[in-house]
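Letters A, B, ... mirror the listed sequences (proteins, then strands); counts begin at 1. This structure is a prediction, so every number in the text was calculated from the model and none was measured.
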Amino acid sequence: MSFRDEVYELVSRLPAGKLATYGQLAALCGRPRASRIVGAALLHAPEGLPCHRVIYRDGTLCCDKAFGGKEIQQQMLEAEGVPFLPDGRADLRVCQWEGPEAGFESED
DNA sequence: GTCATGACGGATC
DNA sequence: GGATCCGCCATGA
C-alpha cells in the first residue's frame, strides 16, 4: 500500500455533499505535510475517484487542469448539495469532511 | 542513491 | 488582503 493508494482509499470514501482538502487527506494518510503528494496522487487517480470533492484549504477549487474546468467541478459539487459562497469558493465551514469514520459505522 | 518536480499549505512581504 | 517564497514529502528518472 503506497501513499497514493491510501489517498485513493480516503477519496473513494468521501461522501457526496462533503469536501476534503489535500492537507486533510495527507494528514489522514499520516503525512500532514504531504498535501502536494495528495494532489499528485489525484493527478494519476482512476476515473471512479470523486477527486472533484478535494479542494484547497482556502475552499477554492483546483486549476482548470482538472475535469475540464473548475466551473465544471463547482457544478458537480453543487449538484451534490455543496453550498458555494458568492465569493466563488466552496463553503468548507459547513461541508468539510469530518473523516473516514464519519458515517462509517461498523462497516468493518 | 540523488536530483528535480508536483492538483499544497502556511508564512512572509 | 493579495501575491510571492519557502518548506514539506513522495514519486519518477
Polar side-chain atom of Gln24(A) near backbone of Trp97(A) as donor-acceptor pair, under 3.5 Å: yes
Toward the 5' end of DNA chain B, which comes first, Ala45(A) or Arg33(A), by nearest nucleotide? Ala45(A)
Do any side-chain nitrogens or oxygens of Arg4(A) fall under 4.0 Å of OP1 or OP2 in dG12(C)? yes
Ignoring the backbone of Cys51(A), work out which of dA7(B), dC9(C), dT11(C) is nearest its side chain. dA7(B)
In whole angstroms, the gap separating C1' of dC9(C) from CZ of Arg31(A) amounts to 9 Å
For Tyr56(A) and dG6(B), give me the distance from atom OH to atom P, rounded to whole Å. 13 Å
Rounded to whole angstroms, how far apart are CG on Asp58(A) and P on dG1(C)? 12 Å
Sidechain-backbone polar pair: Tyr8(A) side chain, Leu42(A) backbone, donor-acceptor under 3.5 Å: no
Across all strands, who's sitting opposite dG1(B) as a Watson-Crick or G-U wobble pair, both distances under 3.5 Å? none
Taking the minimum atom-to-atom distance to the side chain of Tyr22(A), which one of dC9(C), dA7(B), dG7(C) wins? dA7(B)
Over how many whole Å does the gap from His52(A) atom NE2 to dA7(B) atom P extend? 19 Å
Between atom CZ in Arg36(A) and atom P in dC9(C), what is the gap in whole Å? 11 Å
If we count only N and O atoms by modelled type, under 3.5 Å, do the side chains of Gln74(A) and His52(A) hold a donor and an acceptor together? no
Among Asp5(A), Leu10(A), Val11(A), find the residue that satisfies the side-chain contact (heavy atoms from CB on, under 4.5 Å) test when tested with Val7(A). Val11(A)
Leu25(A) atom CG is separated from dC9(C) atom P, nearest whole Å, by 17 Å
When the nearest nucleotide of DNA chain C is assigned to Ala34(A) and to His44(A) on a heavy-atom basis, which residue is associated with the more 5' position? Ala34(A)
Can you tell me how far C1' of dC8(B) sits from CG of Leu43(A), to the nearest Å? 13 Å
Which nucleotide in dG10(B), dT11(C), dG6(B) has an atom nearest any side-chain atom of Arg57(A): dG10(B)
Under the criterion salt bridge (charged side-chain N to carboxylate O under 4.0 Å, His left out), I'd like the reasoning laid out for Glu80(A) against Lys18(A): C-alpha separation, chi angles, the key distance, then a yes or no. CA-CA 8 Å; Glu80(A) 293 179 348; Lys18(A) 289 292 181 178; over 6 Å; no
Within this structure, what is the CZ-to-P distance between Phe3(A) and dC8(C), rounded to whole angstrom? 16 Å
Ignoring the backbone of Ser35(A), work out which of dA10(C), dC8(B), dT11(C) is nearest its side chain. dC8(B)
Just name whichever nucleotide pairs with dA7(B), Watson-Crick or G-U, keeping both distances under 3.5 Å, else none. none
